[in-house]
Amino acid sequence: MPGSTTLSMSERSGYSRWAGDIDNIDLQIAPKEPGSEGWFSGRKGLVLRILVLGTLFVFGLILGYVIRRSTHGVPSKVLDSLQQDYSQDISQQLMNKMKAENIETNLRWLTNQSHVGGSEESLAMARQIRQKLRDFGFDATQLKRYKVLLSYPDRTKPNTVSFVEGDNTLFHTTGQQYSDLSLFQPYNAYSPNGTVEGKLVYANYGRMEDFKKLVDKGINCTGRIVMMRYGKIYRGDKVEHAAAAGAIGVVLYSDPADYAINGANDTYNVSWWLPRDGVQTGDIRAGMGDPLTPMYPAIENVARLPESEANLPTIPSQPISYKDAEQFLNMLDGQTAPIDWRGGIKNVNYKLDQTDNNDRKMKLEVYNKRLTKDIYNVIGTIRGAVEPDRYVIVGNHRDAWTYGAIDPSSGTACFLELARALGQMVQSGWRPRRTIILASWGAEEFGTIGSTEWVEENINELSEKAVAYLNIDAAVNGNQTLWAGASPHLSQVIQEAAKQVPCPHHEGMTVYQQWAKSLPVEPRKSDSPPKLDILAGTGSDFAAFVLFAGISSIDLQYTYDQNLNVPFYPVYHTQYETFDYMKRFIDPDFSVHLGTVRVLGETALRLADSFVLPMNCSLYADALSTYVSDLETHYGKSNLHDNLFLGYLKHAVSQFSQASETMQEVIATADRTNPLVVRSHNDKLMQMERHMLNPSGLPGRPQYRHLLFAPSKHDSYSGATFPGLVDAIEDGDWVAAHQQLSIITVTIESAAKNMDDGVIKGQ
């Protein structure tokens, strides 16, 4: 432009992050023309400016009024919906909709035939359950298939155990004769095929300390068959311990000292104790999920390990009845068993081994088959009204070794009644704040396969969106009290839920009060809260959620008087686990089932509907402090301090405690009119468990990624806290112990920073 002034942007002072892009752009500024002051110059301009500003001010007031009225008028309904919260009225409606008679009808249907995982019967049941969820009004249902390695006995060649002398067979098991063809003969799933023959050793419960005692007594298991009684630890660990001791085979049985404590004349169907011919079936494989696709879902396009490389049992194993066990135990004529090793079989003196001149041998013949089979999960969804991308998951496995009246069908019967009640609530106009997912898992009995594969397939989505997982398995295995295991920061919500439910057998009491009375944390205190266990084992479908995905979980059941001191309900995994057994000896009117599912439903409702998630991070901090104290108590302060410095770990736990207290205060005073602020707090609570994961997993056990909880190395049913550290200490490997201690410490520090926005604030 003629007569213009040219300014280069590169000549301007100051910094611009866009400078590199605009260095060569010039601005052309024209000079002012004479006499061009315009409307807003002089006195006239001043008046005009005042009028314009006044008009804008009045317009702003009117606009502000309109906006304020709109946000507090009709659109306030939207704001109210964003603040949807747990309601006692909704809670009562849900409880009232659940009926004991419906649960009884469910259980009668579920137990009319056997339904082993991978069978046609289990698939038919899956399809029926899916149809029920559709009929109940669920928004979506899915039948999800996986191809996995399962194990079955050969129906044409029954497994047998016998004792022989030379070419003569002196006794052999005949197997069970079932009129119901859906029942399999008792077996140990994943036991390899094989025929082995050798002298017999009795090893009590097959724990590590039991095998050590045999060594101390000079008894060698190498080349021998080991006989052990069920109880105390997971059956698969018994077999693994025997193999490590050099055994060539295993025979397991249920001793009446644990399963028929009043003697053989007081058993089913006179009472609930196990009859002489009862045999417990079960798998003997360590780990969770499909054995050929560890860490990955067993879908079509995933590569499989060859069986030779999979973590599978290496020696054959077979269960028998205590009626047959009597014959084999009487073969033994060697050293007398310690007093606490002696069971309850009459006419048996309980010896440990055979003398050198005793030529009788045990012969074990196993004809199991490992097959690739389809299994199915049923997934039903009720979409959340406000936060559909946040999931509360309720799960129960469907498959059973026999009729499964207790494990798992008492849980399935409750699961279906909860589904029906939730569906009715939705049809009447209610929707949960967050999405509720109900899952019926397949092939749990083979090593929590269905749930593990689903978690592995959906790990990224679940890591982002899963609020909690609630598990119900053998929901009613007794009628004395509620029992629960929970992630530490979920202990309060399950307790509060139990306070809302009437006790089935004690008028005027709640389930919580009976629970606190039966299983108190501190028995000497009348106001002691009930004990909650940690979820660290792999005994049910919570395992993959907690140990692999870091999803906070609860497992609940109604159980028997723990003063009985028995391993589990007596007919566990046997042919006697029938509807009749449940109806006559555990829950005749199904009021215990009703109480159990009401606690489950109330817990799910609080997690799905509460505006602020009912998770207390201070309880997690308290648990961490307890775990450190327990570590010192168990291994001895002086022993630990001679080899490890726990100061940094204790400081990290202290940081976590302070951060959790601060976070609880922030949540308590949060602006509840701002849903985004509340959601950010909820996300921190939801992710807390995830911050305790190590992506690499435990040494030698990569599926177990939780640094605080994992199955004991020598008992998959029980759990250990700080498992990587404990494993190293048990092995006497102090270098590995230092490594694990540092990983745990850094992880807890990181979790504390996350609660306190440490990345933003700095140290």
Side-chain angles (χ1 to χ4, degrees), residues 106 110 114-119 121-133 138 140-150 189 282-283 285 287-291 293 297-299 373-381 391-401 404 406-416 418-419 436-459 462 466 468-475 485 535 537-549 551 553-557 573 597 600 604 703:
N106 291 341
L110 291 163
S114 169
H115 41 283
V116 175
S119 67
E121 292 85 0
S122 184
L123 173 56
M125 185 175 286
R127 287 172 171 154
Q128 289 173 286
I129 288 175
R130 183 188 188 188
Q131 187 58 51
K132 286 178 181 289
L133 297 184
F138 275 57
T141 64
Q142 181 186 22
L143 198 62
K144 179 60 185 176
R145 178 172 65 94
Y146 298 98
K147 297 185 79 69
V148 303
L149 184 71
L150 302 182
D283 86 296
R285 178 178 64 90
M288 56 187 184
D290 173 40
T293 59
I299 53 180
K373 301 282 285 186
D374 291 340
I375 65 164
Y376 296 85
N377 295 334
V378 183
I379 309 297
T381 303
Y391 307 155
V392 174
I393 306 161
V394 180
N396 157 264
H397 78 88
R398 180 181 64 259
D399 62 304
W401 287 121
I406 298 169
D407 180 8
S409 297
S410 64
T412 313
C414 292
F415 170 94
L416 289 172
L418 175 61
I436 295 176
I437 296 173
L438 264 62
S440 171
W441 309 119
E444 184 271 356
E445 296 292 4
F446 290 88
T448 62
I449 294 182
S451 56
T452 300
E453 300 313 305
W454 191 76
V455 170
E456 289 173 343
E457 183 176 19
N458 299 286
I459 183 65
L462 293 173
Y469 173 70
L470 309 182
N471 189 64
I472 188 165
D473 190 339
L535 293 180
T538 55
S540 194
D541 289 298
F542 57 79
F545 286 91
V546 178
L547 307 178
F548 182 70
I551 295 168
S553 298
I554 293 174
D555 182 45
L556 64 90
Q557 58 189 247
H573 285 187
V597 74
L600 176 68
Q703 269 190 311

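Everything numeric here is computed off the predicted structure, so don't read it as measured data.
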**Message:** Checking the side chain of S122 only, and the main-chain atoms of G118 only, is there a donor and an acceptor separated by less than 3.5 Å?
**Reply:** no
**Donor-acceptor pair, side chain of R398 and main chain of S440, under 3.5 angstrom** = yes
**Item:** Backbone N/O of I406 and side chain of S409: donor-acceptor pair under 3.5 Å
**Value:** no
**Message:** Going by salt bridge (Lys or Arg N to Asp or Glu O under 4.0 Å), name the residues that satisfy it together with E457, two or more places apart in sequence or in a different chain.
**Reply:** K144
**Message:** Are the side chains of I375 and W441 in contact, using a 4.5 Å heavy-atom criterion?
**Reply:** no
**Message:** Which residues pass the salt bridge (Lys or Arg N to Asp or Glu O under 4.0 Å) test with K147, not counting sequence neighbours?
**Reply:** D374
**Request:** For N396 and T412, test the side chains for any donor-to-acceptor distance below 3.5 angstrom and give the result as yes or no.
**Result:** yes
**Derivation of the side-chain contact (heavy atoms from CB on, under 4.5 Å) call for Y146 and N377** = CA-CA 8 Å; Y146 298 98; N377 295 334; 3.5 Å; yes
**Prompt:** Mind checking what makes side chain to side chain donor-acceptor pair (under 3.5 Å) contact with Q128, not counting sequence neighbours?
**Reply:** none
**Item:** With sequence neighbours excluded, residues passing side chain to side chain donor-acceptor pair (under 3.5 Å) with N471
**Value:** Y469, S540, D555
**Message:** Using the side chain to side chain donor-acceptor pair (under 3.5 Å) criterion, which residues pair with S451? Sequence neighbours excluded.
**Reply:** D541
**Prompt:** Do you see a donor-acceptor pair shorter than 3.5 Å between the side chains of H115 and E121?
**Reply:** no
**Prompt:** Going through the distances and angles, do I437 and V392 end up as a side-chain contact (heavy atoms from CB on, under 4.5 Å)?
**Reply:** CA-CA 6 Å; I437 296 173; V392 174; over 6 Å; no
**Asked** Sequence neighbours excluded, which residues qualify as salt bridge (Lys or Arg N to Asp or Glu O under 4.0 Å) partners of D473?
**Response** none
